[in-house]
Amino acid sequence: MRFSKTVVKLRIPILILAVLLMIPSVMGMAATRINYDMLDYLPADMDTVIGQKELMDDFGKGAFSFIIVENMKNKDVAALKERIEQVDHVDTVIWYDSLMDLSVPMQLLPDKIWNEFNTENSTMMAVFFDTATSEDETMDSIRAIREVCGEQCYVSGMSALVTDLKDLCEKEEPIYVGLAVLLALAAMLLLLDNWLIPFVFLASIGMMILLNMGSNYFLGEISYITKALSAVLQLAVTMDYSIFLWHSYSEQRLIFKDNKKAMAVAVQQTLTSVIGSSITTVAGFIALCFMTFTMGRDLGIVMAKGVLLGVVGCVTVLPAMILLLDKPLQKANHRSLMPSMNRFSRGVVNKYILFLIIFAIILIPAYMGYEKTNDEVYYDMGECLPEDMAYVTANHKLTDEFDIASTHMVLVNRSTPARDVRSMIREMEQVDGVKYILGLESIVGCRIPDAMIPDEILSAMKSDNAELMLVNSEYKVASDEVNRQIDQLNTILKKYDKDGMLIGEAPCMKDMIETTAHDFKVVNAVSILAIFIIIALVEKSFTLPIILIVVIETAIFINLGLPHYLGQSLPFIAPICISTIQLGATVDYAILMTTRYKTERIAGNEKNRAVYIALATSIPSIIVSGMGLFAATFGVALYSEIDIIRSMCMLMARGAVVSMICVVLILPALLLLCDAPIRVSTLDMRKISKSKKEDSIQ
């Protein structure tokens with residue numbers, strides 16, 4: 001009680017401190033860099049990542065892009081090229097006049113080069129930047145190039161994707177938070193017994209969200225997915241803690257005349273309950289930190305921190321605000337709009353065999369759909385953007401007019417004999433889907449000495465240590481065809497230069513596919529094991545953790561299995577994160593009911609009555625919690641034009657409802673079915689005598 005009494009005593013200083021902390025929180029949030037490049041989260045020891053670093057170190061080049069120019073005369077294209085070269089951080093622009101003076105007819109170029117870089121109405125130039133793909137300077141350069149080029153030009157490449165993604169996120173994110181707040185507020189006004197308390201909850205939780213977002217400054221940067229989801233998730237997940245404190249305080253107000261004494265008892269009760277509840281949620285988020293694809297660690301750390309701050313705010317800031325507003329809050333009480341659940345609970349208990357049959361019927365197809373969904377995810381980040389975005393339009397132009405779907409970069413040691421390089425190029429050009437290879441040999445020919453090659457071309461393609469070549473492919477990034485192509489190209493490359501490297505978006509995506517496939521299994525195993533241990537310790541049982549995890553995993557199978565049956569493809573990160581988030585965030589529903597079932601059984605009630613009471617008393621809290629998570633995420637899912645955000649929020653919203661239904665209908669049936677083994681394997685239930693047969697609850 002010492003802690004709770006201190007909170008009550010220092011309520012005004014606590015509020016003043018909370019308000020003052022908002023200032024550095026807002027400053028920290030504004031200063032935290034947001035990373036929009038998923039490839040940045042690949043392990044640092046991968047060849048593709050090492051190769052990107054070597055490209056920067058050896059050539060002073062990071063990002064790369066093709067620019068398509070339509071319906072423009074050659075002299076105007078040349079002038080445009082000069083203006084692009086003046087843009088900050090543009091290192092090199094290669095076009096026809098990089099090789100020959102415009103007075104020399106273009107037809108003198110080798111037919112292969114001419115045909116690949118020109119169509120009837122369009123020409124294409126290659127642009128290298130001296131900054132990395134997703135650096136802020138690169139994105140500024142992309143915007144500047146688009147301004148210089150106007151409507152006749154289209155800028156492709158990963159940096160253009162990242163730029164469009166950032167601009168769209170920054171436009172949408174304030175609306176995400178607004179929608180989450182409005183819909184969560186509507187849910188609380190509908191389900192709670194006070195008209196004013198939802199606003200107090202939002203103020204308290206909002207402070208903790210700002211504190212969480214501001215403290216991300218110490219992480220250096222966070223991913224755009226983390227930024228977009230963390231505020232919404234923190235609001236949804238930690239709302240329960242505030243509701244628990246309010247209900248506890250309302251009960252204590254009926255016992256104690258002194259509202260401060262009532263709050264001290266309520267804080268103590270809430271602290272005990274909320275710590276137990278939050279541990280499973282934190283464990284689910286911490287499991288994401290075991291991903292080698294480190295975006296999981298990014299989201300996991302921020303959300304675990306958010307949950308812990310939510311607990312702190314619930315037992316410090318919220319009690320202080322409630323005591324400060326106690327009089328208006330007492331006047332705003334009203335009768336709960338939620339009906340009694342006694343009749344419904346009685347029906348569930350009496351018909352538990354039916355729900356066991358339904359459970360057995362849906363489990364297999366749900367699991368099959370879940371497995372299929374995991375195989376049908378997409379990795380191409382371009383697919384997460386709307387069709388009318390500038391990057392998507394440019395990529396369509398590049399594919400439709402020039403038949404280029406992806407570009408790889410080959411780094412070959414400069415000491416490799418020219419004869420071997422030419423042989424390697426010839427072999428690579430025979431690989432299925434390779435359009436052509438752009439290198440010194442293909443641009444200027446093999447017999448021209450370096451001294452006669454224009455400096456612009458030589459510096460772009462050769463360094464002191466390596467030679468750079470571009471491989472244009474007909475195959476789309478992250479497709480099975482391009483992954484097979486990359487394997488073949490790597491085999492050829494290693495034959496001629498064992499230290500050679502194949503880098504670029506498609507090779508990085510291939511590494512990401514292999515990395516995340518492994519991560520999915522690891523994260524699932526870690527989250528299930530961690531939550532199993534926590535439930536086993538909390539419930540002092542071996543059987544109950546199995547039952548609870550089976551119920552929530554069934555809900556996860558249904559939720560993640562539906563996209564397969566609905567013909568939907570999810571972004572690759574969604575199943576990995578959602579399976580863990582749904583388990584950690586909604587297993588509390590099952591723990592709440594199970595704990596009450598145990599209490600009733602230990603008190604001497606028969607199993608049917610114990611389950612009935614547990615269900616009837618738990619349903620209101622489960623509905624409030626589930627609808628809170630649903631409300632906070634569903635609006636974002638409907639609004640967002642970014643498919644990763646839309647998909648993850650839709651899965652969280654649907655997952656909350658599915659978990660809620662499974663806990664209310666399936667868990668009671670399993671508790672009744674497994675009552676005997678539960679009693680045997682649960683430490684404080686072993687002394688319960690065998691239940692008498694009880695067919696129904698009247």
Side-chain angles (χ1 to χ4, degrees), residues 3-4 6-7 14-15 17-18 20-22 24-25 28-29 32 180 184 201-220 222-223 226-227 229-246 248 266-291 296-321 523 526-527 530-531 533-535 537-538 577 580-588 591-592 625 628-629 632 652:
F3 172 80
S4 55
T6 303
V7 168
I14 285 172
L15 280 177
L17 178 62
L20 290 175
L21 283 174
M22 294 304 98
S25 294
M29 184 170 65
T32 302
F201 288 170
L202 290 175
S204 171
I205 295 170
M207 285 183 173
M208 294 303 105
I209 289 173
L210 275 176
L211 195 55
N212 186 31
M213 298 301 287
S215 61
N216 290 335
Y217 173 77
F218 298 103
L219 299 176
I222 58 172
S223 78
T226 300
K227 185 186 177 188
L229 296 181
S230 56
V232 174
L233 264 179
Q234 188 175 339
L235 169 64
V237 170
T238 62
M239 191 190 302
D240 297 355
Y241 311 153
S242 301
I243 293 169
F244 192 94
L245 176 79
W246 172 248
S248 180
V267 169
Q268 182 63 30
Q269 289 182 349
T270 301
L271 190 61
T272 304
S273 301
V274 163
I275 286 176
S277 173
S278 63
I279 288 173
T280 54
T281 309
V282 170
F285 288 123
I286 291 296
L288 293 172
C289 298
F290 286 82
M291 291 174 64
R297 183 175 64 199
D298 186 86
L299 180 61
I301 289 173
V302 172
M303 280 315 306
K305 177 159 58 74
V307 172
L308 293 175
L309 286 169
V311 173
V312 171
C314 173
V315 296
T316 57
V317 176
L318 182 59
M321 295 178 74
V523 169
V526 169
S527 61
I531 290 174
I533 292 170
I534 291 167
I535 298 172
L537 293 173
V538 170
C577 292
T580 304
I581 292 170
Q582 188 176 340
L583 176 59
T586 65
V587 75
D588 292 348
I591 293 173
L592 177 68
S625 179
L629 180 54
M652 282 187 279

Mind running side chain to side chain contact (heavy atoms under 4.5 Å, CB included) on I535 and V587 for me, showing each step along the way? CA-CA 9 Å; I535 298 172; V587 75; 3.8 Å; yes
Ignoring hydrogens, what is the shortest heavy-atom contact between L211 and S25? Give both atom names and the distance. CD1-OG, 3.3 Å
Measuring from F285:CZ to S527:OG, what's the distance to the nearest 0.5 Å? 11.5 Å
Interatomic distance, L210 atom CG to L309 atom CG [nearest 0.5 angstrom]: 11.5 Å
Ignoring hydrogens, what is the shortest heavy-atom contact between G296 and M291? Give both atom names and the distance. CA-SD, 3.4 Å
Less than 4.5 Å apart, any side-chain heavy atom of V315 and any of V7? no
Measure the spacing between CG of L288 and CE of M303 and express it to the nearest 0.5 Å. 10.0 Å
Do M652 and L233 have side chains that approach each other closer than 4.5 Å (heavy atoms only, starting at C-beta)? yes
Tell me the closest heavy-atom pair linking I205 and Q234, and the distance in Å. CG2-O, 4.5 Å
Would you mind reporting whether M22 and M207 have side-chain heavy atoms less than 4.5 Å apart? yes
What's the shortest heavy-atom distance between A283 and I534, and which atoms? CB-CD1, 3.5 Å
Inter-residue atom distance I591.CD1 - T280.OG1, 0.5 Å rounding: 4.5 Å
Side chains of S278 and T281: donor-acceptor distance under 3.5 Å anywhere? no
Just to verify, which of L318, I275, V274 counts as forming a side-chain contact (heavy atoms from CB on, under 4.5 Å) with Y241? V274
Run the side chain to side chain contact (heavy atoms under 4.5 Å, CB included) test on F201 and T238 for me, step by step, so that the C-alpha distance in whole Å, both residues' side-chain angles and the decisive distance to 0.1 Å come before the verdict. CA-CA 10 Å; F201 288 170; T238 62; over 6 Å; no
Looking at every non-hydrogen atom in both residues, tell me the closest pair between N212 and G306 and how far apart they are. ND2-CA, 3.4 Å
Show the numbers, then the answer: is there a side chain to side chain contact (heavy atoms under 4.5 Å, CB included) between N216 and K305? CA-CA 9 Å; N216 290 335; K305 177 159 58 74; 2.7 Å; yes
Flag the pair L15 / V317 as yes when at least one side-chain heavy-atom distance between them is below 4.5 Å, and no otherwise. yes
Would you indicate whether the side-chain heavy atoms of I279 and I531 approach each other to under 4.5 Å? no
Heavy atoms of T270 and C314 approach each other most closely as CG2-SG, 3.8 Å
Any side-chain to backbone donor/acceptor pair from K227 onto I222? Under 3.5 Å, distance only. no
Using the side chain to side chain contact (heavy atoms under 4.5 Å, CB included) rule, take C577 and L299 through it: C-alpha gap first, then chi angles, then the decisive distance, then the call. CA-CA 9 Å; C577 292; L299 180 61; 3.9 Å; yes
First locate atom OG of S230, then atom CD1 of I209, and finally report the distance between them rounded to the nearest 0.5 Å. 8.0 Å
Within the 3.5 Å criterion, strictly below it, is a donor on D588 or S625 matched to an acceptor on the partner's side chain? no
Taking atom OG of S4 and atom CD of Q268, what is their separation to the nearest 0.5 Å? 5.0 Å
